[in-house]
Amino acid sequence: MPSETYHPFDTALPGDEALSILKSATNGADDGEIYIERRKSEALVFDDGRLHTASYDASEGFGLRAVRGEVAGYAHSTEVSIPALRRAAETARLAVGDGGGTLADPPQPTNRHLYTDADPIGGVDFPVKIETLREIDAFSRDLDPRVVQVSATLAASLQEVAILRPDGVQVRDTRPMTRLNVSVIVEQNGRRETGTAGGGGRVGLDGLIDPADWQAKAREALRIALVNLDAVPAPAGIMEVALGPGWPGILLHEAIGHGLEGDFNRKGSSAFAGLMGQRVAARGVTVLDDGTLPDRRGSITVDDEGTPSRRNVLIEDGILVGYMQDRQNARLMGVEPTGNGRRQSYAHAPMPRMTNTYMLGGDADPGALVADIKDGIWAVGFGGGQVDITNGKFVFSCTEAYRVLNGKVGAPVKGATLIGDGPTSLQHIRALGNDMALDPGMGNCGKAGQWVPVGVGQPTVLMDRLTVGGSAA
């Protein structure tokens, strides 16, 4: 059933009075808004044959922002009331000072709706969720006698936001999110390895609790764990590397995507600053950030400033053509907002953030790309990584990778890390597969202490030179 529509400016913060306070706080400012959020979330963890954790959380609060030039005043509160709003307005107003700004035009309205507004938590009965997790545990153990431990997590949340601008424009959005993860540990001859699979999106839980869906995830988790049982120490050196499609796009997201966010480029701290219109990647490389993909984890009907999401081309055929922008950085850079102003919650001010960031595919057969490797690895799965935004240098660990010699795929390797920098790596792309895919819906992105859900994607990518870290002699 659809969630009851959230109308806080008709109840907790009467619209006329809230607008009057906001206008006073932003008088002489360039921009500002009241952002109200109601959120609830549930997470169930079934571990080692029993329900390990069952948590539920509900919150509500608002944030008020006033922006003048490069300065933003922001105050937030869990008390959604007129007195609390007045106190927040006094604090945010300090950023405006003597004023002198010109209020920016409001975002363009949209009737687009990219996902359901149904409540994913109440849409499935609690006992059904528990029984599904129990079935996942039993099914995974029955798949292979080497399975010694299973962990399954089912999570759902509903975020409802309402935004009021000083010009009286109101924007609302209702955002569901669900996810199912399965992790298995296998043991053989005293050696233990782990495999994990999962995914979800802005959809209800019905699809995720369908046995056809979770059984596929359990089999994939087991497959990865068994592959790693046979893994040998990874080699080290500068090698050719083929990155698999889909989730390996997380390297693109981290090593390149953050460097294309507007704030880093306006301040000159990105490795891509000042390169607009120049070649930054090999020919054929096109990178987009697209928040308009239906039901995807990173999609948003509108961003957290009320700007409709867009399909933004960032790199086109190797040429840098755009950055991701929120309203403040777009205004300061003299360009349009791109629908990338995002925040973790009402307790945070918005900033430029990615949505679904991916590289378009080419025309090469993926198998032929791997077969073209003379000495290197084929990296299919990734874990954690670290990136320096100022130069794009990254270190990523592989969760599934294979040694390739003279075009022949050999043994899986363990402990492989990929080391390089985004700008150089873009130039070393030799070919792109025709198998572009998006990730299964499992990404979270951190920036300045804020976390938001994102999506990634890419085709098989063959790179000429990348440093591989490993422990093989």
Enquirer: Charged N to carboxylate O under 4.0 angstrom, R175 versus D304?
Expert: yes

Enquirer: Indicate whether any N or O donor in one side chain lies under 3.5 Å from an N or O acceptor in the other, for D326 and N340.
Expert: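 There is no such pair (donor and acceptor under 3.5 Å, judged by atom type) between the side chains of D326 and N340.
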
Enquirer: Any chance you could measure I21, atom CD1, to E90, atom CD, to the nearest 0.5 Å?
Expert: 9.5 Å

Enquirer: Start with the C-alpha gap between L260 and L320, add the side-chain angles, then the distance that decides, and say whether side chain to side chain contact (heavy atoms under 4.5 Å, CB included) holds.
Expert: CA-CA 9 Å; L260 299 179; L320 179 61; 3.6 Å; yes

Enquirer: Does E336 CD have over 12 foreign heavy atoms under 6.0 Å away?
Expert: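 No - once you tally the heavy atoms of other residues, nucleotides and ligands closer than 6.0 Å, there are 12 at most.
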
Enquirer: In Å, rounded to the nearest 0.5 Å, how long is the span from CD1 of I130 to CG of L51?
Expert: 4.5 Å

Enquirer: Look at the side chain of S309 and the backbone N and O of G291, then say whether any donor-acceptor pair between them is shorter than 3.5 Å.
Expert: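 Present.
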
Enquirer: Checking the side chain of D289 only, and the main-chain atoms of T355 only, is there a donor and an acceptor separated by less than 3.5 Å?
Expert: yes

Enquirer: Can you tell which of T301, T174, L293, V203 makes a side-chain contact (heavy atoms from CB on, under 4.5 Å) with Y115?
Expert: T301

Enquirer: Is any side-chain heavy atom of P308 closer than 4.5 Å to one of R112?
Expert: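 R112 reaches P308 side chain to side chain.
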
Enquirer: Any heavy-atom pair between the side chains of Y323 and M333 that's under 4.5 Å?
Expert: yes

Enquirer: Which pair of heavy atoms, one from V80 and one from G61, lies closest together, and at what distance?
Expert: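 What the structure gives for the nearest pair is CG2-CA, 3.8 Å.
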
Enquirer: Could you tell me if the side chain of I315 sits less than 4.5 Å from the side chain of L426, heavy atoms only?
Expert: yes

Enquirer: To the nearest 0.5 Å, tell me how far E70 CD sits from D263 CG.
Expert: 11.5 Å

Enquirer: Check the pair R297 / M177 against side chain to side chain contact (heavy atoms under 4.5 Å, CB included), numbers first and verdict last.
Expert: CA-CA 7 Å; R297 183 173 175 84; M177 186 70 74; 3.6 Å; yes

Enquirer: Check the surroundings of atom NZ in K393: do more than 12 heavy atoms from other residues, nucleotides or ligands lie under 6.0 Å from it?
Expert: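 No, because the 6.0 Å sphere around NZ of K393 holds 12 heavy atoms or fewer from other groups.
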
Enquirer: Decide yes or no for T460 and L243: does some side-chain heavy atom of the first lie under 4.5 Å from some side-chain heavy atom of the second?
Expert: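 Side chain of T460 against side chain of L243, heavy atoms only: no contact under 4.5 Å found.
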
Enquirer: Is any side-chain N of the basic residue among E33 and R165 closer than 4.0 Å to the acidic one's carboxylate O?
Expert: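 No, this pair does not count.
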
Enquirer: With a 4.5 Å cut-off on side-chain heavy atoms, are P459 and M359 touching?
Expert: yes

Enquirer: Would you tell me whether N181 and R179 have side-chain atoms, one donor and one acceptor, within less than 3.5 Å of each other?
Expert: yes

Enquirer: Is it the case that K129 places NZ or CZ above or below the six-membered ring of F46, under 6.0 angstrom from the centre and within 45 degrees of the axis?
Expert: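 No cation-pi geometry.
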
Enquirer: Around atom CG of N444, are there more than 12 heavy atoms of other residues, nucleotides or ligands at under 6.0 Å?
Expert: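 For N444, atom CG is crowded (more than 12 foreign heavy atoms under 6.0 Å).
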
Enquirer: More than 12 non-hydrogen atoms from neighbouring residues, nucleotides or ligands closer than 6.0 Å to NE2 on H7, yes or no?
Expert: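 Enclosed.
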
Enquirer: Would you compute the distance between atom OG1 of T196 and atom CD1 of I185 and round it to the nearest 0.5 angstrom?
Expert: 8.5 Å

Enquirer: In the structure I gave you, are the side-chain heavy atoms of R202 and T116 within less than 4.5 Å of one another anywhere?
Expert: no

Enquirer: Between S20 and D16 (side chain of the first, backbone of the second, donor and acceptor by atom type, cut-off under 3.5 Å), is there such a pair?
Expert: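 Side chain of S20 to backbone of D16, a donor-acceptor pair under 3.5 Å: no, none is there.
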
Enquirer: Should the pair R310-D303 be classified as a salt bridge under the 4.0 Å nitrogen-to-oxygen rule?
Expert: no

Enquirer: Kindly say whether F382 contributes a backbone atom to a donor-acceptor pair with the side chain of W247 at under 3.5 angstrom?
Expert: yes

Enquirer: Would a distance-only check, ignoring hydrogens and angles, find a side-chain to backbone donor-acceptor pair under 3.5 Å from S269 to F264?
Expert: yes

Enquirer: Donor-acceptor pair, R353 side chain versus C445 backbone, under 3.5 Å?
Expert: yes

Enquirer: Between the side chain of D119 and the main-chain N/O of I121, is any donor-acceptor distance below 3.5 Å?
Expert: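 Side chain of D119 to backbone of I121, a donor-acceptor pair under 3.5 Å: yes, one is there.
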
Enquirer: If you compare all heavy atoms of I389 against all heavy atoms of G259, which two are closest, and at what distance to 0.1 Å?
Expert: CG2-CA, 4.4 Å

Enquirer: Taking atom types as modelled and ignoring hydrogens, do the side chains of R343 and Y74 form a donor-acceptor contact shorter than 3.5 angstrom?
Expert: yes

Enquirer: Measure the shortest side-chain to side-chain distance between Y35 and V161 over non-hydrogen atoms and say whether it is less than 4.5 angstrom.
Expert: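 A side-chain contact under 4.5 Å exists here.
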
Enquirer: Can you tell me if D30 uses its side chain to pair, donor with acceptor, with the backbone of T102 under 3.5 Å?
Expert: yes

Enquirer: When you check the side-chain N and O atoms of Q159 and Y6, is any donor under 3.5 Å from an acceptor?
Expert: no

Enquirer: Got a second to check how far T53's OG1 is from L44's CG, nearest 0.5 Å?
Expert: 9.0 Å

Enquirer: Does any donor atom in the side chain of E79 or S81 lie under 3.5 Å from an acceptor atom in the other side chain?
Expert: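 Yes.
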
Enquirer: Would you say the side-chain atoms of S151 and S183 include a donor-acceptor pair closer than 3.5 Å?
Expert: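 Their side chains do not contain a donor-acceptor pair, so the 3.5 Å distance test is not met.
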
Enquirer: Check this for me: does any side-chain nitrogen of one of E305 and R327 sit under 4.0 Å from a carboxylate oxygen of the other?
Expert: no

Enquirer: Is it true that a side-chain atom of Q344 and a backbone atom of W451 form a donor plus acceptor pair closer than 3.5 Å?
Expert: yes

Enquirer: With a sphere of 6.0 Å drawn around CZ of R279, does it hold more than 12 non-hydrogen atoms of other residues, nucleotides or ligands?
Expert: yes

Enquirer: Any side-chain donor-acceptor pair under 3.5 Å between T424 and D421?
Expert: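 Short answer, yes.
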
Enquirer: Can a salt bridge be assigned to the pair R134 and E131 using a cut-off of 4.0 Å between side-chain N and carboxylate O?
Expert: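 The answer is yes: the pair qualifies as a salt bridge.
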
Enquirer: Verify the neighbour count for atom CD of Q108: are there more than 12 heavy atoms of other residues, nucleotides or ligands below 6.0 Å?
Expert: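 No.
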
Enquirer: Would the distance check show the side chain of E37 and the main-chain N or O of Y346 forming a donor-acceptor pair, the cut-off being under 3.5 Å?
Expert: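 Answer holds: yes.
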
Enquirer: Please walk me through it: do I34 and I163 pass side chain to side chain contact (heavy atoms under 4.5 Å, CB included)?
Expert: CA-CA 6 Å; I34 300 172; I163 302 168; over 6 Å; no

Enquirer: Do the side chains of K40 and E60 get close enough for a salt bridge, i.e. N-O under 4.0 angstrom?
Expert: no

Enquirer: Atom CG of L164 and atom CZ of R172: how far apart are they, to the nearest 0.5 Å?
Expert: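 Going from CG on L164 over to CZ on R172, the span is 11.0 Å.
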
Enquirer: Are H258 and H253 an aromatic pair by the rule of ring centers under 6.0 Å?
Expert: yes

Enquirer: Do N356 and S299 pair up side chain to side chain, a donor and an acceptor below 3.5 Å, judged on atom types alone?
Expert: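 Per modelled atom types, N356 and S299 side chains form a pair under 3.5 Å.
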
Enquirer: Is there a donor-acceptor contact under 3.5 Å linking the side chains of S345 and H348?
Expert: yes

Enquirer: Using a 4.5 Å cut-off on heavy atoms from C-beta on, say whether the side chain of E261 contacts that of M354.
Expert: yes

Enquirer: Does the pair V285 and D317 meet the rule for a side chain to side chain contact (heavy atoms under 4.5 Å, CB included), with working shown?
Expert: CA-CA 5 Å; V285 173; D317 195 20; over 6 Å; no

